[in-house]
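Heads up, the thing below is written out as C-alpha cells.
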Number of protein chains: 2
Amino acid sequence: MPLDSKTLCLGALDAGYNTGYDIRKAFEDGPFQLYQSLSYGSIYPALNALLADGLVTCTEQAQDGRPDKKVYAITEAGRTALRAALLQPLGFDRLRSEFMFALAFAHLMSPGQVSRLLDDYARGYRELAEDLACTDADPPPGRRFLVRLGQEGCLTWARCVEKHRAALEADLTARDPAVAAGAGTGD
Amino acid sequence: MPLDSKTLCLGALDAGYNTGYDIRKAFEDGPFQLYQSLSYGSIYPALNALLADGLVTCTEQAQDGRPDKKVYAITEAGRTALRAALLQPLGFDRLRSEFMFALAFAHLMSPGQVSRLLDDYARGYRELAEDLACTDADPPPGRRFLVRLGQEGCLTWARCVEKHRAALEADLTARDPAVAAGAGTGD
DNA sequence: ATCAGCATGTAAGCCGTTACATGATTAC
DNA sequence: GTAATCATGTAACGGCTTACATGCTGAT
C-alpha cells in the first residue's frame, strides 16, 4: 500500500498542483494521467486527512466571480512522508486492457469489427501521445523522464499494434472463406 | 461494464481453461496476465452465476489423490453472450504504475535509490516478456496477436526505459553536486 | 517434515467510483 | 439559452482482494 490516495495527493502537491480541483486535473489530463487516477471522492477526504496530520497546510482564498479556493501546500513533514512512501517496495505495473482481452476472441467477431477496433485503439494511443506533449515547462528531472517515456511509450505501442495487425487480419480472413471471397457475411 | 468477472470467465472458458483453478492460472501466469486479473473470490461466484444462466455447463469429475474437479464448458448461449459483451464499447486501457509515479519524484531520492528502482523495473519487464513466451501451441489468431504484442511490448518498454534513464541519472547528479563529486550523501 | 500444488468456496472489509448537491460566470 | 469551467464536498453503491476454511499428494 505504498501509493494510496493520500500519497498521491502529496505528490501532486509537490508537483505544484495546489487545490483539490487542480489535483484532479493532474490525474485527468496532466502528467500523471497515464499512470494513476484519482477522483474527487478520494481527493477531498485525503486532503482533509493530510491537513489533520500536519502534512499539508491550507489557506482559504476568496475569488471574485469564482468559488472560494482552498490552496494547499506540502509541509516538510509531508515531503518526508512522501519520500518514505515512495521508497517502500512498489507493486509492479498493472495494465488493464479491455481491448487486448477482447482481441483474444477475434475469431468470434467479423473481420470488419476487428479492423474497426484496431483502428480506434491505435488512434487512441496516438492521441494520448499528443496530449502528453502539452505539459509544464522546466519540470524536475523525474517528471521530464515520465513525460518523455509516456510519449514514446504510447507511440511505440501504437506502432507495435499497427505492425502486427496485418498478420492478425490475414489469419482471420484465411479462416473465413466467405469474407476472403468477398461475399460479405452480414458484417 | 463490458468486461465484468462473468465475461472474463466466459473468455477463459472459450480459451480452453475449464476449471475455476485453471481460470485463475490463465489470469495469473497465462496469456491474459498482462491485461486483466481475476482471483478466486470473483471466479467461483461468477461460474455459479453463469451456470444458473445456462451460459456454461458443469461436469463433476472425481480424481484419485486430488480433490474433485468441476469441469466447465461454455454453451452456445454463452458464446453468444461473450460475443455481445466484447462488441459493446470498450473502455480505454488503464495503466497503473507505482514506479512511474514514484520516479516523478526522483529529486526526493538519492541517485543510488533511483538507479536501483530503474534496474528492478526494467528487469521486471524483461522477465515478463520471457514468461509470456511459454504459452500454448496453435492458438487462434487473436490469442497469437495478444501474446506477440505482449512480448514485444514488454521488451520495447524495457528498452525505452533503458534508453532514457541515462538522461535522468545525469540530470540528477548534476543537481546534486556532492554526489557528482563522489562525496556520498548517506545513500 | 514441511512446503508447494491441486481444488473449491465464503465472508468481510476496503477503497474507489459514481452520482448528487450547490452555484456563479463565461463562452457558444 | 445552454453547456462548460471553476470549486468543494458527501453518501451510497459496487466490486475486487484478502483472508480464512479444508484436505490430500508429491517433492525436497
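Order of the sequence lines sets the chain letters (A, B, ...), proteins ahead of strands, with each chain counted from 1.
Side chain of B/S5, nearest nucleotide from D/dC16, C/dG9, D/dC6: D/dC16. Side chain of A/K70, nearest nucleotide from D/dT8, C/dA7, C/dG9: D/dT8.
Although no hydrogens or angles enter the test, the distance criterion places a donor-acceptor pair under 3.5 Å between the side chain of A/T156 and the main chain of A/E152. Proximity of a side-chain donor or acceptor of A/Q113 to a complementary backbone N or O of A/M109 within less than 3.5 Å is not detected. Put simply, the side chain of A/T75 gets close to the backbone of A/L55: a donor and an acceptor are under 3.5 Å apart. Using modelled atom types, one side-chain atom of B/T173 and one backbone atom of B/E169 make a donor-acceptor pair closer than 3.5 Å.
A heavy-atom distance below 4.0 Å to DNA chain D is reached by these residues of residues 9-25 of chain A, ordered by number: A/T19, A/G20, A/Y21. At a non-hydrogen distance threshold of 4.0 Å, A/S37, A/S39, A/G41, A/S42 from residues 29-52 of chain A come into contact with DNA chain C.
Remark: B/P141 engages A/L168, A/D171, A/L172, A/R175 in a side-chain contact (heavy atoms from CB on, under 4.5 Å) (not counting sequence neighbours). Taking the side-chain contact (heavy atoms from CB on, under 4.5 Å) definition, one finds that A/R126 meets it with A/L155, A/A158, A/R159, A/E162, sequence neighbours left out. Legend: residues meeting side-chain contact (heavy atoms from CB on, under 4.5 Å) with A/E130, ordered by chain and number and at least two apart, are absent.
Rounded to whole angstrom, the span from the CZ atom of A/R66 across to the P atom of C/dA27 amounts to 9 Å. Distance A/F27 CZ to C/dT17 P: 11 Å, rounded to the nearest Å. Straight-line distance from the NZ atom of B/K69 to the C1' atom of C/dC6: 9 Å, rounded to whole Å. For the pair A/D68 CG and D/dG9 P, the interatomic distance rounds to 11 Å; values are reported in whole Å. Following rounding to the nearest Å, B/K6 (NZ) and D/dC16 (C1') show an atom-to-atom distance of 16 Å.
The cluster map of Ile, Leu, Val, Met, Phe, Trp and Tyr, joined by side-chain heavy atoms under 4.5 Å apart, puts B/V71 and B/Y17 in different clusters.
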Quiz prompt | side-chain hydrogen bond (donor to acceptor under 3.5 Å, both in side chains) between B/Q36 and A/S97, intermediate numbers included | solution = CA-CA 7 Å; B/Q36 297 289 330; A/S97 179; over 6 Å; no

Exercise. Given side-chain hydrogen bond (donor to acceptor under 3.5 Å, both in side chains), test A/Y125 with B/D93 step by step and report yes or no.
Key: CA-CA 9 Å; A/Y125 268 103; B/D93 291 1; 2.8 Å; yes

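In terms of position on DNA chain C, the residue among B/R96 and B/Q63 whose nearest nucleotide sits closer to the 5' end is B/Q63.
Computed from C1' positions of five pairs at each end, the angle between the two local axes of the helix from C/dA1-D/dT28 to C/dC28-D/dG1 equals 40°, rounded to 10 degrees.
With a 6.0 Å cutoff to the six-membered ring centre and a 45° limit on the axis angle, A/R24 counts as a cation-pi contact of A/Y40.
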